[in-house]
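Each remark here refers to the structure printed beneath this line.
Every chain is numbered from 1, with letters handed out A, B, ... down the list of sequences.
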Protein chains: 2
Amino acid sequence: MQVRFASALDQILELSVLLNDDMARDLERRGLTRSRVHVLWLVHHHGPMTQRALADAINVSARNVTGLVDGLAHTGFITREPHPSDRRATLVTLTDRGTATALNLEREHGQFARMLFGDMPGHQFDGFTTGLDHVLTALRKATASI
Amino acid sequence: MQVRFASALDQILELSVLLNDDMARDLERRGLTRSRVHVLWLVHHHGPMTQRALADAINVSARNVTGLVDGLAHTGFITREPHPSDRRATLVTLTDRGTATALNLEREHGQFARMLFGDMPGHQFDGFTTGLDHVLTALRKATASI
DNA sequence: TATTGTTATACTCTATAACTATA
DNA sequence: TATAGTTATAGAGTATAACAATA
């Protein structure tokens with residue numbers, strides 16, 4: 001059983017690498033990276049946010065957010081707008097292009113999921129997600145206790 | 001169903017992030033990174049290798065391997081040995097510490113897998129790995145065709 | 001001529017620390 | 001005094017291009 005456990009973990013890791021590489025390749029075509037998309041995603045879902053809020057959400061330093069926002073602003077996905085009541089802060093806001101890109105990513109995310117699971121028998125898909133839930137719960141617990 | 005597919009993909013991605021963060025934290029304690037461990041791992045399993053072979057195995061530039069090997073050599077996990085028949089090449093070789101570390105990582109990999117799957121009912125584990133196989137196959141096919 | 005690995009240069013993500021402008 | 005974001009500095013991973021030594 002030990003071996004089967006280790007193999008399953010290896011498979012998850014391979015899956016993780018393949019997914020990561022595949023997404024990175026896709027994003028690169030549009031001049032994006034995973035980290036920058038994370039910002040795009042958050043602003044798309046929460047609306048205009050301060051850099052501080054972004055840093056807390058991504059769990060990254062304020063300095064890092066400055067760099068990510070610089071990159072996204074420079075490539076036209078977002079703008080920095082003044083905060084209406086706090087002159088220290090800026091509101092990271094999506095441009096039209098940023099919004100369109102976020103919507104596209106959302107759509108492609110769904111297409112990608114269909115490609116992965118679409119031809120899987122229903123009971124198999126259910127079994128997979130049940131196991132996935134279990135693993136995720138175990139891992140969340142282990143991670144939280146650190 | 002669309003939504004269930006997308007949620008399952010989200011779960012896989014969350015799993016991927018948690019695993020990655022957890023491993024990175026662990027490795028950092030020993031002065032290692034994912035990329036460097038990849039090198040350590042390959043040399044541990046294949047025996048002494050040229051940097052060219054490492055670059056091909058990791059799918060990374062020769063320049064990048066120089067940096068990774070520099071780091072691992074500097075921290076005492078590997079040494080560069082002369083190639084017996086090709087004076088252009090070097091053989092990346094594990095030190096005792098490098099070998100001991102690789103063996104430890106291997107052991108902890110098994111422990112980690114047991115933590116993730118150990119308390120999962122047998123049939124559930126089977127269902128999970130079956131689905132995982134399916135997803136991995138679909139993804140490998142999609143990735144290969146690029 | 002082709003290959004191995006290095007130096008030179010550059011970009012991205014990440015961090016801490018010091019500093020400015022505001023709260 | 002505390003907070004938001006910047007500049008300064010640094011390390012890691014990644015890339016291409018030019019180059020030296022060797023095949």
(message) For Watson-Crick and G-U wobble pairs within 3.5 Å on both distances, what is DNA chain C written in dot-bracket notation, | included for inter-strand pairing?
(response) |||||||||||||||||||||||
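The side chain of B/Arg36 places an N or O atom within less than 4.0 Å of a non-bridging phosphate oxygen (OP1 or OP2) of D/dG13. At least one side-chain nitrogen or oxygen of B/Ser61 sits closer than 4.0 Å to the OP1 or OP2 atom of D/dA15. The phosphate of D/dA12 (OP1 or OP2) has no side-chain N or O of B/Ser35 nearer than 4.0 angstrom. When the side-chain nitrogen and oxygen atoms of B/Asn64 are compared with OP1 and OP2 of D/dA15, one or more of them lie within a distance under 4.0 Å.
Annotation: side chain of A/Arg80 is in contact with side chain of A/Asp70 (closest heavy-atom distance under 4.5 Å). Side-chain contact between B/Val17 and B/Glu14 is absent, with no heavy-atom pair separated by less than 4.5 Å.
The backbone N or O of B/Trp41 sits less than 3.5 Å from a side-chain atom of B/His45, completing a donor-acceptor pair. Looking only at distances, no side-chain donor or acceptor of B/Ser16 sits under 3.5 Å from a matching main-chain atom of B/Ile12. A donor-acceptor pair is defined here as one N or O able to donate and one able to accept, closer than 3.5 Å; no such pair exists between the side chain of B/Thr99 and the backbone of B/Leu94. A donor-acceptor pair is defined here as one N or O able to donate and one able to accept, closer than 3.5 Å; such a pair exists between the side chain of B/His46 and the backbone of B/Leu42.
For the segment residues 43-58 of chain B, the set of residues with a heavy atom within less than 4.0 Å of an atom of DNA chain C comprises B/Thr50, B/Gln51, B/Arg52, in numerical order. Of all the residues in residues 66-91 of chain A, A/Leu68, A/Ser85, A/Asp86, A/Arg87, A/Arg88 reach under 4.0 Å from DNA chain C with at least one non-hydrogen atom.
Interatomic distance, A/Asp21 CG to B/Thr143 OG1, rounded to the nearest 0.5 Å: 8.0 Å. Taken from OG1 in B/Thr93 to CE in B/Met49, the straight-line distance is 11.0 Å, to the nearest 0.5 Å. A/Leu54 CG to A/Leu68 CG: the interatomic distance, rounded to the nearest 0.5 Å, is 9.0 Å.
Residues satisfying the side-chain contact (heavy atoms from CB on, under 4.5 Å) criterion with A/Ala8, sequence neighbours excluded, are B/Phe117, B/Phe125, B/Thr129.
For the side chain to side chain contact (heavy atoms under 4.5 Å, CB included) with B/Leu32, the lone residue among B/Asp26, B/Thr75, B/Leu72, B/Val39 that qualifies is B/Leu72.
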(request) Evaluate the criterion salt bridge (charged side-chain N to carboxylate O under 4.0 Å, His left out) for residue pair B/Arg29 and B/Glu108; output intermediate values, then yes/no. (result) CA-CA 14 Å; B/Arg29 289 195 198 115; B/Glu108 287 164 29; over 6 Å; no
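Between the CG atom of B/Leu32 and the P atom of D/dA12 there is a distance of 12 Å, given to the nearest Å.
Within the structure, salt bridge (Lys or Arg N to Asp or Glu O under 4.0 Å) pairs that include any residue of residues 113-139 of chain B comprise A/Arg4-B/Asp126 (at least two apart or interchain).
Between chain B and DNA chain C, the heavy-atom contact criterion of under 4.0 Å yields a 5' to 3' nucleotide range of C/dT3 to C/dA8.
Residue contacts shown for B/Val60 are limited to sugar-phosphate atoms, with no base heavy atom under 4.0 Å away.
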